[in-house]
Amino acid sequence: MDTDRDTLIDLYLRMVRIRTFEEQAGKLQEAGKVPGALHLYVGEEAVASGVMSHLSNEDQITSTHRGHGHLVAKGGDFKKMFAELYGRETGYCRGKGGSMHISDLDLGMLGANGIVGAGPPIAIGAAFSNKYRKTRNVTCCFFGDGASNEGTFHEAANMAALYRLPVVFVCENNGFGEFTRQERHQAIQDIADRASGYGMPGVVVDGMDVMAVYEAAGEAIERARRGEGPTLLECKTYRFFDHVGVRGMGVVYRDDSEVIEWRKRDPLVLFEARLLEMNTASAGELQQLRERVLFEVEEAIAFAEASPFPADSALLEDVYTVTGG
Amino acid sequence: MDTDRDTLIDLYLRMVRIRTFEEQAGKLQEAGKVPGALHLYVGEEAVASGVMSHLSNEDQITSTHRGHGHLVAKGGDFKKMFAELYGRETGYCRGKGGSMHISDLDLGMLGANGIVGAGPPIAIGAAFSNKYRKTRNVTCCFFGDGASNEGTFHEAANMAALYRLPVVFVCENNGFGEFTRQERHQAIQDIADRASGYGMPGVVVDGMDVMAVYEAAGEAIERARRGEGPTLLECKTYRFFDHVGVRGMGVVYRDDSEVIEWRKRDPLVLFEARLLEMNTASAGELQQLRERVLFEVEEAIAFAEASPFPADSALLEDVYTVTGG
Amino acid sequence: MTSTESSPKRELAYVQAINEGLTQLMRADPDIFLAGEDVALYGGVFGTSRGLLAEFGSDRVVDTPIAESGLLGLGLGAAATGLRPIIEIMFMDFMGVCMDEIVNQVAKMKYMFGGKAVLPLTIQTMSGGGTGMAAQHSQSLEAWFCHVPGLKVVMPSGPYEAKGLLVSAVRDDNPVIVANVKTILAHRAHVPEELYAIPLGKAHIVRPGSNFTIVATGRMVSESLTAADQLAAEGIDVEIVDPRTLQPLDIETIVTSVRKTHRALIAHEAVRFGGIGAEIAAQVQEEVFDYLDAPVGRVGAPFAPVPFSPPLEKLYVPNAGRIVAEVRRMLGR
Amino acid sequence: MTSTESSPKRELAYVQAINEGLTQLMRADPDIFLAGEDVALYGGVFGTSRGLLAEFGSDRVVDTPIAESGLLGLGLGAAATGLRPIIEIMFMDFMGVCMDEIVNQVAKMKYMFGGKAVLPLTIQTMSGGGTGMAAQHSQSLEAWFCHVPGLKVVMPSGPYEAKGLLVSAVRDDNPVIVANVKTILAHRAHVPEELYAIPLGKAHIVRPGSNFTIVATGRMVSESLTAADQLAAEGIDVEIVDPRTLQPLDIETIVTSVRKTHRALIAHEAVRFGGIGAEIAAQVQEEVFDYLDAPVGRVGAPFAPVPFSPPLEKLYVPNAGRIVAEVRRMLGR
Ligand SMILES: Cc1ncc(C[n+]2csc(CCOP(=O)(O)OP(=O)(O)O)c2C)c(N)n1
Ligand SMILES: Cc1ncc(C[n+]2csc(CCOP(=O)(O)OP(=O)(O)O)c2C)c(N)n1
Ligand SMILES: [Mg+2]
Ligand SMILES: [Mg+2]
């Protein structure tokens with residue numbers, strides 16, 4: 001392992017930020033403070049964190065309905081995020097998008113998306129743009145195992161390979177599309193096997209191991225930057241909570257024992273152990289870091305709660321851009 | 001080769017019927033007698049013929065915009081076909097469908113289709129039906145290399161493999177989607193390579209060799225009948241004429257020399273030579289057979305030309321079924 | 001077909017009415033199957049198909065991958081070969097991902113084939129806003145489908161309609177889109193226990209009245225009832241017509257009402273511009289121009305996507321208050 | 001930007017007007033690229049992009065696989081990251097296969113993001129029947145898109161409009177759908193050589209008249225001119241309004257005309273039920289009810305898919321004869 005300390009801590013920090021954000025968001029929803037549907041990312045933190053630590057603000061990502069983790073890992077501002085979940089004017093989308101459409105174009109985060117499979121086509125557009133402008137920027141496209149069955153993925157993957165676009169398709173295979181287990185939605189085990197059908201490399205990686213994701217993503221992203229085209233990177237992971245909301249156990253579509261098994265491979269716990277083992281940081285330092293993040297999250301929640309709702313006039317604003325023409 | 005004489009002659013006859021139908025249809029269009037767009041199947045006869053000789057009227061097919069050959073091979077009635085191309089009341093669709101929607105539900109031919117990629121979803125529905133009713137019937141889904149990039153193919157292929165549906169995906173890879181060469185629409189050479197990404201076998205076969213198609217299709221269809229699920233069968237073929245209409249040479253998107261090379265492997269000429277070589281039939285017998293077919297085609301054209309156009313009242317008929325409810 | 005005695009007062013929630021309709025239909029006809037995302041093991045994300053897997057098994061209650069074009073094709077191909085499929089598209093907003101199948105394949109196959117295809121296909125979905133689900137999970141897109149010859153479209157306004165229209169939709173030999181309304185899933189009303197059918201293409205007078213006609217669809221029916229109560233206090237006696245089926249539209253019942261009341265307002269959840277209200281308004285003035293004392297009015301959503309923020313969403317979705325205000329405006333009050 | 005002297009009489013065909021518009025736009029702005037099926041090497045199946053590959057190269061004139069969702073996504077992602085894409089969907093009928101991208105992604109991204117996305121995206125396509133191409137290659141589906149907040153929709157009625165509206169569409173910082181009309185591709189008219197823009201959202205009085213207003217879109221504009229000539233002989237002086245942009249709709253110009261003429265008919269190629277004519281009729285009666293001497297009339301396609309058979313197709317597609325007949329009927333003649 002030759003990754004430097006800063007990178008390791010950075011990876012840990014990204015994961016902690018996601019976990020803390022999501023746990024608090026879940027609590028707020030249970031308390032009835034946050035309306036709508038929250039699809040939480042708890043359990044999958046290693047994927048977003050491992051990928052995002054290779055990206056700058058000029059690199060883009062497309063996201064999914066389960067998008068908070070992606071935005072947090074991309075550097076999202078807790079305040080604007082919570083304000084958005086609360087539907088406030090100070091939120092990322094002036095409260096108009098909510099959880100399923102949270103986005104930050106300045107960070108290259110092209111939006112959570114309520115339509116499964118909507119990301120891949122948008123991602124190739126951003127990648128096309130990067131190539132057109134002859135930049136070295138890369139677009140990472142996050143999508144689920146369920147989304148891998150949508151036609152949009154197929155169309156985008158084919159075009160990405162054909163044009164050798166600088167894009168990485170990051171499949172977050174958490175074993176379920178909503179309440180349907182992978183083996184009941186596709187007859188294959190490794191979604192990465194689809195890559196060869198487009199003429200791109202397919203890679204499977206342990207999505208609970210942030211270092212493994214970091215390394216595999218690094219290679220795929222570098223490949224894209226070099227102009228060698230797309231990669232399909234499948235990260236095997238697991239969703240600890242329910243499809244929507246926080247309940248993870250006692251559900252009809254999976255056994256608690258399965259959840260318990262996967263929780264033993266909690267990416268945060270695994271990585272913390274590794275950091276301690278490698279003496280990268282002391283338990284106290286990590287504890288401090290977690291506390292700092294929790295404090296930030298609490299501050300952000302307070303900010304959100306103190307923020308105003310959008311004025312009635314906002315209803316008809318932002319439908320069209322008024323410049324140009 | 002242990003295929004019996006009847007089968008061999010049947011294969012030849014199917015090909016001759018397609019070729020003759022298409023050449024005459026092309027002439028009629030050039031003469032301004034047939035309106036709309038004709039996508040002719042000349043050069044690809046071995047594919048439809050080799051597949052269809054395994055199917056009964058209880059087995060279904062879905063087709064494409066290039067659908068005449070499929071219907072002819074499935075046993076289509078020349079009279080109703082020409083009448084349809086002429087837009088006459090006596091046509092397969094009362095003249096309302098034309099070339100792009102020609103169909104015969106009694107023969108299990110679920111329609112030519114003007115939308116590229118529309119066939120695969122419909123095919124899995126018919127196959128689902130066959131399975132639901134516990135029949136041993138099979139659905140063959142014809143589609144082009146161009147169509148293999150549509151999301152619909154992906155979705156249908158995945159579902160077919162998942163449910164082990166009795167369907168065979170027959171990819172007619174004629175090297176072009178309209179005017180775009182395969183290498184400019186996908187980064188792979190063998191579309192059959194996509195099969196493994198769904199968990200089904202993929203087979204490549206010489207689509208100019210009707211016996212090769214016959215054998216490979218036979219295996220795939222038998223597999224489906226046995227309940228072992230779908231196969232992706234890619235037939236490498238070539239379109240001798242233009243995408244629309246009859247002109248095949250002197251076009252911007254391919255060299256004449258390429259057409260000349262492929263024409264050397266004309267599936268009819270190849271198979272005729274083989275039949276003679278194997279003493280399956282004499283040159284005279286084959287000649288007689290071709291003349292009989294030409295006569296039938298001419299009769300059918302006369303029938304079509306003598307047929308009335310639909311009455312004005314037909315305009316608003318057939319939008320809804322009036323039974324049921 | 002089961003036909004139990006119906007207790008006259010039995011009430012069901014909208015969601016239960018759908019569930020009971022599905023169950024009874026499937027008991028009566030082995031050619032009916034239900035396919036969709038999470039309809040089987042989970043019983044549907046709205047609970048509409050709960051218990052069906054246990055009763056009918058996985059051959060007839062089919063969970064599918066997230067692949068709506070494939071799903072619709074599954075329904076179309078099965079219908080064209082003799083089955084009677086019910087295909088669930090979870091949210092009406094997702095119709096975009098299988099629009100070609102619905103509009104170019106399902107709707108047109110019969111006509112293109114010169115009448116030979118019989119397509120007893122039902123597509124059931126959930127429309128409407130008001131749940132904090134934002135722009136891609138809150139739309140009412142029925143106007144698109146009403147514009148497409150070959151499709152029928154129904155929009156049940158309550159539990160009784162939900163079951164009765166579903167039964168007719170499934171038994172109809174044509175493709176029918178059933179646009180349920182998610183915000184009224186918990187509404188309760190009397191629902192007969194037997195397998196009854198509400199005829200397609202027939203509007204229903206929900207409330208008779210003498211001097212104002214409100215044509216309301218889906219959830220706007222109950223909102224209009226609330227509005228009518230308020231307006232009654234002001235001496236305005238509102239007649240409420242629920243078209244129930246939007247395609248084919250029973251314009252006769254609507255114009256008969258307007259001939260009596262001389263004023264009409266159409267209320268729907270969909271965006272006002274280009275909504276079904278435009279067609280109804282256009283037809284009403286074509287048919288009974290001389291009876292009209294005022295232009296036909298329309299209440300619908302404003303010209304914006306559905307916003308997430310609760311106060312904005314509340315402003316967005318039409319309701320009784322907006323209907324009352326529009327009626328008053330039309331009467332110059 | 002090139003700005004050659006314009007010879008006042010120069011005529012171009014509709015298809016050439018599009019071609020010239022594309023060429024001049026791309027010369028003027030390196031951020032513009034064109035992507036679609038067979039737009040590059042072949043120059044577009046209708047010939048609209050002939051010569052562009054040679055001039056601008058394959059980075060800017062891009063042949064794509066047959067994958068319309070991917071194609072639209074390519075446009076959206078590129079627009080959201082600062083380019084100005086022109087995406088061609090060969091036939092308007094194919095919009096169904098990428099409907100989600102257009103309606104849930106392209107149209108809503110800006111609003112869902114609280115205004116931050118700027119999406120200068122043009123989607124150009126070909127609408128209309130009359131070419132013997134049957135039900136899946138002949139539709140006019142503009143009403144769907146007019147119902148979707150976030151989109152703009154234009155429908156050029158001739159060569160002058162084809163170039164000028166394309167220029168405005170491409171330069172607009174919003175998603176604009178350009179619904180060209182394939183049966184008038186060979187129509188010729190004066191087209192200025194310079195890169196001119198026709199403002200979006202402004203209707204045009206094609207023919208002034210005093211006692212009847214015809215609002216006509218696309219090909220119905222020239223059909224209405226023919227009809228007007230015929231009607232003039234009967235003493236009916238028709239004013240023809242071409243909205244040019246259907247969303248946003250310039251209702252002001254339309255009602256100003258109706259205030260003068262007291263009668264209005266809307267003519268479009270699309271299916272009459274639920275077409276844009278319904279919305280225009282509804283708005284006209286809302287705005288100028290007291291000026292109307294008769295109900296607002298509508299001419300559109302009948303309620304059926306487009307038939308292949310030439311005599312049926314001829315019956316199907318609205319034309320001058322049908323417009324004349326409807327005007328006469330409205331005038332009780
Ligand atoms: C087109 C479309 N179909 C269905 C849905 C409903 N839906 C929302 S999330 C989801 C499951 C997605 O599964 P996956 O892609 O594996 O992502 P995960 O939720 O596991 O992160 C479904 C079916 C949707 N939002 N969009
Ligand atoms: C959805 C859709 N997109 C585009 C077209 C236009 N189109 C008609 S045929 C065709 C090419 C199809 O190529 P392929 O699938 O290889 O079939 P082939 O014509 O070679 O037999 C295209 C692009 C269409 N009809 N439908
Ligand atoms: Mg998943
Ligand atoms: Mg091809």
Side-chain angles (χ1 to χ4, degrees), chain A residues 115-122 124 143-165 167 169 171 173 177 180-204 223 227-232 234, chain B residues 115-122 124 143-165 167 169 171 173 177 180-204 223 227-232 234:
Chain A
I115 300 294
V116 171
I122 299 172
I124 63 165
F143 66 106
D145 52 303
S148 75
N149 299 324
E150 284 278 11
T152 46
F153 162 69
H154 177 74
E155 298 189 9
N158 181 62
M159 290 171 79
L162 176 68
Y163 301 135
R164 289 183 155 244
L165 295 178
V167 56
F169 295 100
C171 183
N173 183 353
T180 300
R181 195 175 279 282
Q182 187 194 354
E183 69 215 49
R184 293 184 53 249
H185 72 61
Q186 53 193 199
I188 53 170
Q189 288 194 324
D190 292 335
I191 295 168
D193 286 352
R194 294 195 167 161
S196 61
Y198 305 109
M200 68 172 91
V203 180
V204 177
R223 192 170 171 274
E228 290 167 24
T231 300
L232 173 54
E234 177 184 6
Chain B
I115 300 294
V116 170
I122 299 173
I124 63 165
F143 66 106
D145 52 305
S148 76
N149 298 325
E150 284 278 12
T152 47
F153 161 68
H154 177 75
E155 297 189 9
N158 182 62
M159 289 171 79
L162 176 68
Y163 300 136
R164 291 183 154 243
L165 295 178
V167 56
F169 294 100
C171 183
N173 183 353
T180 299
R181 195 175 277 284
Q182 187 194 355
E183 70 214 48
R184 292 184 54 249
H185 72 60
Q186 52 193 199
I188 53 170
Q189 288 194 325
D190 292 335
I191 295 167
D193 286 352
R194 292 193 170 163
S196 62
Y198 306 109
M200 67 171 92
V203 179
V204 177
R223 193 171 171 274
E228 291 167 25
T231 301
L232 174 53
E234 177 185 5

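First the proteins, then the strands, lettered A, B, ... as listed; each starts at 1. No hydrogens, no waters, no symmetry mates; every other heavy atom, side chains included, goes into these values. If you're wondering where the values come from, they're calculated on a predicted model, not measured in any experiment.
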All side chain to side chain donor-acceptor pair (under 3.5 Å) counterparts of B:Asp145, not counting sequence neighbours = B:His185
request  = Supply the atom-to-atom distance A:Asn149 CG to B:His154 NE2, rounded to the nearest 0.5 angstrom.
outcome  = 5.5 Å
Chain A contacts, top residue of B:Asp190, B:Ile188, B:Asp193 (heavy-atom pairs, under 4.5 Å) = B:Ile188
message = Given heavy-atom pairs under 4.5 angstrom as the criterion, report whether the side chain, backbone, both or neither of B:Arg164 touches chain A.
response = neither
query = Does B:Tyr198 reach the side chain of A:Arg194, with side-chain heavy atoms less than 4.5 Å apart?
reply = yes
ask   = Is it the side chain or the backbone of B:Phe153 that comes within 4.5 Å of chain A heavy atoms, both, or neither?
value = side chain
Which of A:Gly199, A:Ala187, A:Ala156 touches chain B most, by non-hydrogen pairs under 4.5 Å = A:Ala187
message = Checking A:Glu183 now: which residues fulfil side chain to side chain donor-acceptor pair (under 3.5 Å) with it, not counting sequence neighbours?
response = none
Crowding at CD, A:Gln189 (>12 non-hydrogen neighbours, <6.0 Å) = no
note = Distance col, row A:Asn158:CG vs B:Glu150:CD, nearest 0.5 angstrom, shows 10.5 Å
